[in-house]
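In this chain, residues are counted from 1 in sequence order. Basis for what follows: all heavy atoms, side chains included, without hydrogens, waters or symmetry-related copies.
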Amino acid sequence: MLKKIKNTPFYPFIYFALISLCVLSTSRLLLTLWQNQRVSKSDGWFEVLLQGIRVDITTICILIAIPTLISSIHFNNTRHQKKWNFFITVYLSIVFYLLVFMEMATPSFINEYNIRPNRLFIEYLVYPKEVFSTLLKSHLLELFIAITFSAIASIFIGKKINSLNSKVLVFSSTKKPIAFFVCLLLLFIGGRSTFGHRPLNPAMVYFSTDPLVNSLTLNSFYSVGFSVKQLLSENSD
């Protein structure tokens with residue numbers, strides 16, 4: 001199965017999705033081990049890890065949905081294809097940087113606020129001078145490690161995606177509609193993560209009376225992203 005899709009426009013995104021899933025799941029496992037006492041008290045190991053994968057898949061599907069769909073009807077023109085491949089490499093590198101950085105910043109945020117990064121992460125950015133001053137005074141080493149490690153990870157994924165893009169073969173005209181439809185269906189199911197009326201939201205995976213344990217079922221990118229969505233909704237009301 002993997003050999004059949006290895007040189008298709010989907011393969012760079014599949015590779016990105018698998019690596020991102022491994023990174024997010026590993027980060028959650030380490031955070032859960034760190035907070036083992038509270039997780040065990042909530043009898044939540046199974047819920048945190050299983051529902052966490054569900055949230056991670058949703059996050060990744062949302063992030064790659066539009067570029068994957070466009071790639072499924074890939075350009076036949078070589079010049080346009082090269083530009084698109086360059087865009088995909090840059091886009092996925094930036095997204096991977098953000099995913100890794102947010103996870104790297106999570107332990108410090110938990111120590112400070114007893115929860116994963118959430119709307120507080122956004123609201124405090126209104127005061128950049130104060131936030132930057134606090135980071136330099138109290139979290140300089142953690143900030144340096146997070147920025148450096150995320151940059152290295154981003155460069156690695158960028159080089160790999162660029163290498164995979166160079167081997168991509170364009171779908172034939174007859175296969176493009178089928179590829180687009182299959183891609184759309186899978187991303188829709190993965191992005192919603194439910195056949196119910198509403199798509200996945202944090203309330204669907206929360207199970208504990210401990211806010212920190214509940215937040216571990218999310219990933220930090222999703223947690224902050226959902227908070228931004230709520231803030232925008234509140235501002236538009």
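- Donor-acceptor pairing under 3.5 Å is lacking for the side chains of W45 and T32.
- Note that CH2 of W34 is 9.0 Å distant from CG of L216, once rounded to the nearest 0.5 Å.
- The OG1 atom of T8 lies 13.5 Å from the NZ atom of K167; values are rounded to the nearest 0.5 Å.
- Within 6.0 Å of atom CG in L186, more than 12 heavy atoms from other residues, nucleotides or ligands are found, so the atom counts as buried in its surroundings.
- The other members of the hydrophobic cluster of I189, by chain and number, are L185, F195 (side-chain heavy atoms under 4.5 Å, ILVMFWY only).
- Here D210 contributes atom CG and Q35 contributes atom CD; the two are 8.5 Å apart, rounded to the nearest 0.5 Å.
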Decide side chain to side chain contact (heavy atoms under 4.5 Å, CB included) for R116 and L31; before the verdict, give the C-alpha distance in whole Å, the side-chain angles of both, and the deciding distance to 0.1 Å. CA-CA 10 Å; R116 265 193 190 273; L31 291 170; 3.6 Å; yes
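- S208 places no side-chain N or O within 3.5 Å of a backbone atom of N214 that could act as its donor or acceptor partner.
- Proximity of a side-chain donor or acceptor of T58 to a complementary backbone N or O of G190 within less than 3.5 Å is detected.
- Using a 3.5 Å distance cut-off with no hydrogens or angles, the side chains of N219 and T59 do pair a donor with an acceptor.
- Under the 3.5 Å distance criterion, the side-chain polar atoms of S215 are matched with a main-chain donor or acceptor of L212.
- Counting side-chain heavy-atom gaps under 4.5 Å among Ile, Leu, Val, Met, Phe, Trp and Tyr, the cluster of L218 also holds V55, L200, M204, V205, Y206, Y222, F226.
- Both L99 and F156 are assigned to one and the same hydrophobic cluster, defined by single-linkage of ILVMFWY side chains at heavy-atom distances under 4.5 Å.
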Pair up each side-chain donor or acceptor in residues 91-98 with any protein partner under 3.5 Å, not counting sequence neighbours, and list the distances.
| unit_1 | atom_1 | unit_2 | atom_2 | d |
| --- | --- | --- | --- | --- |
| Y91 | OH | L63 | O | 2.5 |
| S93 | OG | T89 | O | 2.6 |

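- Using a 4.5 Å cut-off between side-chain heavy atoms of Ile, Leu, Val, Met, Phe, Trp and Tyr, with links allowed through other members, W84 and I66 fall into the same hydrophobic cluster.
- Cluster annotation: Y11 is connected to I70 through the hydrophobic network of ILVMFWY side chains, with a link wherever side-chain heavy atoms come within less than 4.5 Å.
- Hydrophobic clustering of Ile, Leu, Val, Met, Phe, Trp and Tyr side chains at less than 4.5 Å, counting indirect connections, keeps F16 apart from I62.
- One distance of note links CG of D56 with OG of S20; it measures 9.5 Å at 0.5 Å rounding.
- Surrounding CG of D43 are at most 12 heavy atoms belonging to other residues, nucleotides or ligands under 6.0 Å away.
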